[in-house]
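To start, the structure itself, in structure tokens.
One-based numbering along the sequence shown. Note that the coordinates shown come from a computational prediction; the quantities given were computed from them, not determined experimentally.
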Amino acid sequence: MTNYNVFNSSDRPLYTQQMNTYVSPGVEATPDAGAAAAGRLFSLTSGNVSVGAGSSLLLQVVNPAASGRRLYFSQVIGGTTAAASLILYRGGTLTGGSVLTPINNLFGSSITSVMTAQQVTGSITGSPVTLISIPLTAGAYSTRLPGTIIVPSGQSMTLSLGTGALTGSLNVSWWEF
């Protein structure tokens with residue numbers, strides 16, 4: 001920038017030199033917004049579930065071996081009627097419960113998730129590894145970690161809301177490629 005003074009003087013207004021002449025509005029989007037547009041963002045919900053004392057609401061997403069895809073965690077949102085802990089685990093074993101079907105966030109898309117999922121009210125067993133543990137107060141919560149937790153083939157992610165007598169919900173979303 002030859003012939004331009006890089007310092008402003010006190011008797012003149014603020015000097016600026018526009019370097020980028022792009023004038024159209026720019027669009028910024030998160031990776032999960034791009035995945036949604038491509039039909040690769042999926043969601044699961046536990047619904048509102050009553051949890052007994054000493055138990056937790058558990059939601060597990062499993063990436064089958066040789067699936068050819070990776071799960072990229074996006075967010076978990078929900079609510080609780082009492083103080084609780086939200087814990088994200090790598091692995092773990094759930095027994096019983098109900099099978100859930102992931103929903104594609106691009107309505108009308110024919111792309112389906114390769115992940116399997118289940119929901120249980122109880123305790124996690126096996127050898128889970130705690131990734132994140134967040135204390136919650138009663139009310140709504142939201143945790144965004146777009147793409148920072150990746151679940152490869154043959155691995156699983158388990159979410160836990162509890163422990164204690166409460167009514168709560170777990171809603172998780174992810175994209176997969």
Side-chain angles (χ1 to χ4, degrees), residues 30-33 35-36 40-67 69-107 111-177:
T30 59
D32 38 357
R40 297 290 187 167
L41 186 71
F42 300 93
S43 294
L44 278 177
T45 182
S46 67
N48 294 323
V49 178
S50 294
V51 179
S55 293
S56 296
L57 172 58
L58 301 163
L59 188 65
Q60 186 175 61
V61 182
V62 178
N63 188 350
S67 71
R69 293 191 193 166
R70 288 182 174 211
L71 177 153
Y72 297 84
F73 180 79
S74 177
Q75 69 178 348
V76 59
I77 59 176
T80 176
T81 58
S85 291
L86 173 65
I87 304 173
L88 278 67
Y89 295 103
R90 181 185 77 202
T93 304
L94 304 183
T95 54
S98 55
V99 174
L100 301 175
T101 302
I103 298 168
N104 191 318
N105 287 14
L106 178 58
F107 296 171
I111 300 171
T112 58
S113 174
V114 297
M115 307 303 157
T116 61
Q118 64 176 325
Q119 172 185 322
V120 175
T121 301
S123 299
I124 188 169
T125 59
S127 302
V129 176
T130 302
L131 297 174
I132 298 171
S133 179
I134 304 168
L136 302 173
T137 58
Y141 63 87
S142 175
T143 303
R144 290 199 36 82
L145 299 164
T148 60
I149 297 174
I150 302 169
V151 182
S153 298
Q155 299 287 318
S156 65
M157 178 177 68
T158 306
L159 295 92
S160 171
L161 180 66
T163 302
L166 57 88
T167 298
S169 65
L170 288 167
N171 304 282
V172 64
S173 62
W174 69 89
W175 69 88
E176 51 190 71
F177 283 100

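Pairing each heavy atom of Tyr141 with each of Leu136, the nearest pair is CD2-CD1, 3.7 Å. Counting all heavy atoms, side chain and backbone alike, Ala66 lies closest to Ser153 at N-CB, 3.8 Å. Of all non-hydrogen atoms in Trp175 and Gly147, the two that sit nearest each other are CH2-N, 3.3 Å. Taking every heavy atom of both residues into account, Thr45 and Leu100 meet most closely at O-CD1, 4.1 Å. Taking each heavy atom of Ser50 and Thr121 in turn, the nearest pair found is O-CG2, 4.3 Å. Here the closest non-hydrogen pair linking Leu170 and Leu57 is CD1-O, 3.6 Å.
Ser169 places a side-chain N or O within donor-acceptor distance of the main-chain N or O of Gly79, the cut-off being under 3.5 Å. Remark: side-chain polar atoms of Thr81 are paired, donor with acceptor, to backbone N or O of Thr167 under 3.5 angstrom. Here the side chain of Thr125 pairs a donor or acceptor atom with the backbone of Thr93 at under 3.5 angstrom. Within the 3.5 Å criterion, the main-chain N or O of Met115 finds a donor-acceptor partner in the side chain of Ser113.
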TODO: Take Thr158 and Leu94 through the side chain to side chain contact (heavy atoms under 4.5 Å, CB included) test and state the conclusion after the steps.
DONE: CA-CA 9 Å; Thr158 306; Leu94 304 183; 4.2 Å; yes
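Listed by first and then second residue, the salt bridge (Lys or Arg N to Asp or Glu O under 4.0 Å) pairs involving residues 141-166 are Asp32-Arg144 (not counting sequence neighbours).
Here the CG atom belonging to Leu59 is positioned 10.5 Å from the CG atom belonging to Leu161, to the nearest 0.5 angstrom. Note that CD of Gln119 and CG of Leu44 are 9.0 Å apart. Values are rounded to the nearest 0.5 Å. The structure places CG of Leu58 at 10.5 Å from OG of Ser46, a figure rounded to the nearest 0.5 Å. Rounding to the nearest 0.5 Å places CG of Leu166 at 4.0 Å from OG1 of Thr80. Of the inter-residue distances, the one linking Thr143 atom OG1 with Ile77 atom CD1 reads 10.0 Å to the nearest 0.5 angstrom. Note that the CD1 atom of Ile150 and the OH atom of Tyr72 stand 5.0 Å from one another [nearest 0.5 Å].
A 6.0 Å sphere centred on CZ of Phe177 holds more than 12 heavy atoms belonging to other residues, nucleotides or ligands. Surrounding CZ of Arg69 are more than 12 heavy atoms belonging to other residues, nucleotides or ligands, all under 6.0 Å away.
Taking the side chain as every heavy atom from C-beta outward, Val151 and Val61 never approach each other to under 4.5 Å. Counting only heavy atoms from C-beta outward, the side chains of Ile149 and Ile132 approach each other to under 4.5 Å.
For the residue pair Asn105 and Ser43, a side-chain donor N or O sits within less than 3.5 Å of a side-chain acceptor on the partner.
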